[in-house]
Amino acid sequence: MREFIMRPEILDLEPYKPGLSIEQIKDKYGLDNIIKLGSNENPLGASPRVQKVIERHAAGVFRYPQNHSPRLTAAISKSIGVPEENIVVGNGSDEIIDMLIRMKCRPGLDNIICYSHSFSMYGLTAKLCGVEYREVERNDGYQLPLDRLAEAADENTALVFITSPDNPTGLAATVEDISVLAGVLPENCLLVVDEAYIDFVWPPESYTPVQAFDKFSNLVALRTFSKAYGLAGMRVGYGVMPASIAGYLKRARIPFTVNTLAEEAAIEALADEDFYHKTLEVVMRGREYLTAELEKLGCDVLPSQANFLMFQPPKPAQRLFKELLKRGVIVRPLASFGLGKHIRVNMGTDKENEQFIKILSEVLAGE
Ligand SMILES: *Cc1c(COP(=O)(O)O)cnc(C)c1O
């Protein structure tokens, strides 16, 4: 075989490992009924109204979409109360992360900073772009070390990333903490707050800086339709950012990355408030239930503001993960986040949550 010369940054990359799919588990263990609680997806599925809209627009897919999704941008602007010039829609918030790093960071010169045990996209994209990735250790109890992020920043720090609510811990930073951090970062540095799970916090005004977006000059907030809006497979998310940054991203981006059906689906998802509120209800009820039940089973559970919980089970996590899989329950072991003793489980429907607890208690008792 011929050896081609590749960029050195990518030679030792491991492929992104998502949670296992339902089909993979059915085939492997010969099961019919799978409970998938490993990827933080919406327990209620996709909104029926959104499904109808997708069908209705199927015939139009021979046309190119409008670049930058102007109708969705207008709908988001109305929904969150931020001007359209501050909003960039992307193919999942992953695309916004990618654009920010590619367009803001100078390879070989700039750095980005994040804390340990966080979402792999930030480090992966930095590496791909030849940008130094600095990781700051967390405080005890996995608290978000916002003070130490500021200390680690220097004049070549282009971006500081925090995830709030955090994946995988579920912990959230308050608006006050975020404001303090934004205020002490170096002149050239943007603070990126990944708000993939912001819908699930309570009360919202204590946690999202987007409600006071005009008070910030260096803030980027990332949001997605993949979680609370049930559109993970559609790939649509957005960033809220200073208008100048939004302008550069729009100029430099690959055109048409958000497809026609994704735009229509997201517009309808924003309009379907009933489905959204039902989702929040199920998730918040499930969060209380699962927290209490996991604690009864001897698990050490972190208090979560997201649609999932991180816990340390009383038995080795990797073995427990496999035992659950054999019984048709998919959770997320956190070794890939550097947390080999922990498991992440997202809230399912009430029935799924009960079945999960029943199967988990059997596995824990049986070993
Ligand atoms: C799920 C998730 C996202 C959303 O990614 P999409 O590309 O919008 O599906 C972003 N950040 C974090 C931390 C997540 O867990």
Side-chain angles (χ1 to χ4, degrees), residues 16-19 21 36-43 46 69 72 76 87-102 112 114-126 128 133 135 138 142 144 159-173 178 191-201 207-208 210 220-241 249 253-254 257-259 261-263 265-266 269-270 279 283 302 304-310 331-332 334 336-339 342 344-347:
Y16 178 76
K17 285 200 197 81
S21 79
K36 187 178 186 224
L37 306 174
S39 300
N40 303 340
E41 293 151 347
N42 193 311
S69 319
L72 175 56
I76 292 167
I87 297 167
V88 179
V89 175
N91 186 281
S93 46
D94 284 352
E95 190 191 13
I96 311 288
I97 295 169
D98 177 65
M99 280 198 268
L100 281 169
I101 295 176
R102 269 190 304 128
I112 76 170
C114 191
Y115 41 69
S116 51
H117 314 299
S118 64
F119 192 48
S120 61
M121 267 299 293
Y122 318 134
L124 175 72
T125 311
L128 210 54
Y133 179 67
E135 209 167 73
R138 290 191 188 230
Y142 305 106
L144 313 180
L159 302 167
V160 167
F161 278 92
I162 69 172
T163 317
S164 179
D166 182 46
N167 179 8
T169 63
L171 302 170
I178 292 168
L191 174 60
V192 185
V193 183
D194 186 338
E195 297 195 327
Y197 302 99
I198 198 67
D199 308 84
F200 307 108
V201 299
Y207 294 100
T208 177
V210 170
V220 178
L222 306 177
R223 292 195 173 176
T224 179
F225 287 89
S226 297
K227 312 283 159 56
Y229 291 97
L231 292 177
M234 272 294 179
R235 314 302 309 128
V236 50
Y238 62 94
V240 183
M241 61 194 79
L249 262 54
R253 77 183 304 177
I254 294 168
T257 54
V258 179
N259 69 71
L261 297 183
E263 182 175 17
L270 281 177
T279 297
V283 165
L302 259 73
S304 170
Q305 291 274 16
N307 64 342
F308 54 80
L309 292 165
M310 176 169 119
V331 295
R332 186 76 188 253
L334 293 175
S336 66
F337 282 83
L339 297 164
H342 292 78
R344 192 189 70 197
V345 62
N346 68 254
M347 285 46 135

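Numbers here simply count residues along the sequence, with the first being 1. Quick caveat, the model's predicted, so the values are computed rather than measured. Atoms within each ligand, like the ligands themselves, are counted from 1 in listed order.
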### Query
In terms of atom number and element, which parts of ligand 1 are under 4.0 angstrom from non-hydrogen atoms of G92?
6 (P), 7 (O), 8 (O)
### Message
Show the atoms of ligand 1 that are less than 4.0 angstrom away from any heavy atom in D94.
### Response
5 (O), 7 (O)
### Query
Any side-chain donor paired with an acceptor under 3.5 Å for Y122 and T163?
yes
### Message
Students should be able to answer this: which protein heavy-atom is nearest to atom 2 (C) of ligand 1, and at what distance?
### Response
K227 NZ, 2.4 Å
### Message
Checking side-chain polar atoms at under 3.5 Å, does Y197 have a donor or acceptor matched by the opposite partner on N40?
### Response
yes
### Task
Give a yes/no on ligand 1: does N40 have at least one heavy atom closer than 4.0 angstrom to it?
no
### Task
Name the closest protein heavy atom to atom 7 (O) of ligand 1, giving the residue it belongs to and the distance to 0.1 Å.
R235 NH2, 2.6 Å
### Query
In terms of residue, atom name and distance, what is the protein heavy atom nearest to atom 4 (C) of ligand 1?
S93 OG, 3.3 Å
### Message
If you measure every N or O of N91 against every N or O of ligand 1, does any of those distances drop under 3.5 Å?
### Response
no
#### Entry: Test item: N307 side-chain N/O and V283 main-chain N/O as donor-acceptor pair under 3.5 Å
no
### Sub-4.5 Å side-chain heavy-atom contact between F337 and H342
no
#### Entry: T224-ligand 1 polar pair, N/O distance under 3.5 Å
yes
### Sub-4.0 Å heavy-atom contact, S226 with ligand 1
yes
### Summary
Note: ligand 1 atoms sitting under 4.0 Å from heavy atoms of A196 are 2 (C), 3 (C), 10 (C), 11 (N), 12 (C), 14 (C)
### Side chain to side chain, K227 and N167, heavy atoms closer than 4.5 Å
no
### Within-4.5 Å side-chain heavy-atom neighbours: Q305 and Y207
yes
### Query
Tell me, do F161 and I101 make a side-chain contact under 4.5 Å, heavy atoms counted?
yes
### Query
Under 4.0 Å from any heavy atom of T163, which atoms of ligand 1 are there?
13 (C)
#### Entry: For atom 15 (O) of ligand 1, the protein heavy atom that lies nearest, with its residue and separation
Y197 OH, 2.6 Å
### Query
In terms of side-chain geometry, is the basic nitrogen of E95 or R235 positioned less than 4.0 Å from the acidic oxygen of its partner?
no
### Message
Can you confirm whether V240 sits close enough to R223 that some side-chain heavy atom of one is under 4.5 Å from a side-chain heavy atom of the other?
### Response
no
#### Entry: Any N or O of D194 closer than 3.5 Å to N or O of ligand 1
yes
